[in-house]
Amino acid sequence: MKPPPFSYHLPGSVEEAVGLLGSLENAKLLAGGQSLMPMLNMRFVLPDHVIDLNGIGALSGISAVEGGLRIGGMTRQRDIEFSDPVKTACPLLSEAILQVGHRQTRNRGTVGGSLSHLDPSAEIPAVCAAVDAEIAVTGPNGTRTIPFAEFPAGYMMPAMEPDELLVSVFLPSWKPGHGYGFEEFARRHGDFAIVSAAALIEAEGGRIKRASVTVSGVGPAPVRLRETERALAGQAGSEELFRSACESARGIEALEDVHAPASYRQHLAAVLSRRALVKAWSRIG
Amino acid sequence: MGETRKIALTVNGKRYAEEVEVRMHLGDFLRQQLGLTGTHLGCEHGVCGACTVLVDGVSARSCLMLAVQADGRELLTVEGIAPNEEELHPLQEAFRDNHGLQCGFCTPGMLTTLIEFLGDNPDPTEREVREAISGNLCRCTGYQGIVAAALDAAQRLKALKQA
């Protein structure tokens, strides 16, 4: 299997990349290549131009900023796995990143690549939904910010214009001592998840002050379980509470494919979100 | 031939300057252009792990990188693991002694993956080894011999370090 013929471009800056993206017909951006390269090898995509972002150093990096973390689009998943600032500011991401592929793919795969590809079962978009991340994209008219809730425009389709490039993501931090949990079900370690669930809990005086529950792999994009979150607010955490609060997940509209029927995904959504909440509650410090 | 670019890289300590087709992936480049056929191509879409090489010391699937992206990099492939033509690397010895291979197809990827892993984690548990090779498919050994070889290699490397 060989990639189709294309012209290769290696811009050195975001401006140059955006210029190329706006002027070339049928161009694809190449980030870590862990999704685009297989699609090229199998000729699922046939671009006339490939714009390689690996020459733009400014797109990589993890920085603690006011209220959270800013992560550059070309930051490798490996760098997140070993990052202390991520462990401190967004431990949910540190836990979820271990479920992203394998060591060999995390060494190359990037945050921006995963977000732009927007696979329905991908872990990084799930974390972004859980923390209400903000995605920064740059195009010919400058940079704009998209709240993650508005980022998925459809199945594997981010709400970015064809001439825009994802430059960074901002992950708001939860209070120190909050509980977090990420649970995933896949047939084999490192496979795409069938369903995964992310939970965050902030407690005060033994009661849940704020909770976030997200499932992915169920619908075309990660889904926040608002009904579950409302049912948890103000309650004292318990296995029974989490079980009953997650029952509503069985009603989410779910995808159906060769891997699992919709009813199985709905069942997993309820079970995994409960487990993620139990884990998050046990970790409150 | 389509669009080409000139690249310069080091593979197993040897410098190469080559003109490559931009669409060629790194695995094909190593095998076809440099004649280093030790790196095996199984699935060519990032699932089997057979084509794993080390790029600047970190593992990567060579089917998921373009050859042009290796410009200026230092690569290690299975041919560069043994210290010389007579001796094997302790990891290779452990594979031989523990039946860590049968047909040998997955072996180059297993070895490169484990070299990186044992560097990061010199004293792993069995579970950690199994997780480390979870991105490498083997259809002969049932993994048992490979896991035993990796654990044995960790001990051999530790003994060498202390000696």
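The chains referred to below are lettered A, B, ... by the order of the sequence lines, with proteins before strands, and numbering in each begins at 1. Just so it is clear, the structure is predicted and the values come from calculations on it, not from any experiment.
Within the 4.5 angstrom heavy-atom criterion, atoms from both the backbone and the side chain of S134(B) approach chain A. The parts of M65(B) that come within reach of chain A are both its backbone and its side chain, each placing non-hydrogen atoms under 4.5 angstrom from that chain. With a threshold of 4.5 angstrom between heavy atoms, L66(B) approaches chain A through its backbone and through its side chain. Contact annotation for R5(B): only side-chain heavy atoms (C-beta onward) come within less than 4.5 Å of a heavy atom of chain A. Interface remark: D56(B) contributes no atoms to any contact with chain A (heavy atom separation under 4.5 Å).
The distance from the CG atom of L40(A) to the NE2 atom of H45(B) is 14.0 Å, given to the nearest 0.5 Å. In this structure, the separation between CD on E3(B) and NE2 on H49(A) is 9.0 Å, given to the nearest 0.5 Å. The line from CG of D71(B) to CG of L10(A) is 8.5 Å long, rounded to the nearest 0.5 Å.
More than 12 non-hydrogen atoms from other residues, nucleotides or ligands lie less than 6.0 angstrom from NZ of K87(A). More than 12 heavy atoms of other residues, nucleotides or ligands lie within 6.0 Å of CD in E16(A), so this atom counts as buried by the packing criterion. The 12-atom threshold is exceeded at CZ of F82(A), counting heavy atoms of other residues, nucleotides or ligands nearer than 6.0 Å. Within a 6.0 Å radius of NE2 in H189(A), more than 12 heavy atoms belonging to other residues, nucleotides or ligands are found. Atom CD of E19(B) sits in a crowded spot, with more than 12 heavy atoms from other residues, nucleotides or ligands closer than 6.0 Å.
No donor-acceptor distance shorter than 3.5 angstrom exists from the side chain of R23(B) to the backbone of P4(A), with no hydrogens or angles considered. With hydrogens and angles disregarded, a donor-acceptor distance shorter than 3.5 Å links the side chain of N41(A) to the backbone of E44(B).
The side-chain heavy atoms of Y8(A) and Q69(B), taken from C-beta on, include a pair separated by under 4.5 Å. Using a 4.5 Å cut-off on side-chain heavy atoms (C-beta onward), T113(B) and H102(A) make no contact. Between S7(A) and V22(B) there is no side-chain heavy-atom pair separated by less than 4.5 Å.
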Taking it one step at a time, do T112(B) and Q104(A) satisfy side chain to side chain contact (heavy atoms under 4.5 Å, CB included)?
CA-CA 10 Å; T112(B) 45; Q104(A) 298 103 321; over 6 Å; no
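With respect to E131(B) and R103(A), no salt bridge is recorded, no charged nitrogen being found less than 4.0 Å from a carboxylate O. Remark: R78(A) engages E116(B) in a salt bridge, criterion side-chain N to carboxylate O under 4.0 Å.
Of all heavy-atom pairs spanning P38(A) and L64(B), the tightest one is CD-CD2, 3.4 Å.
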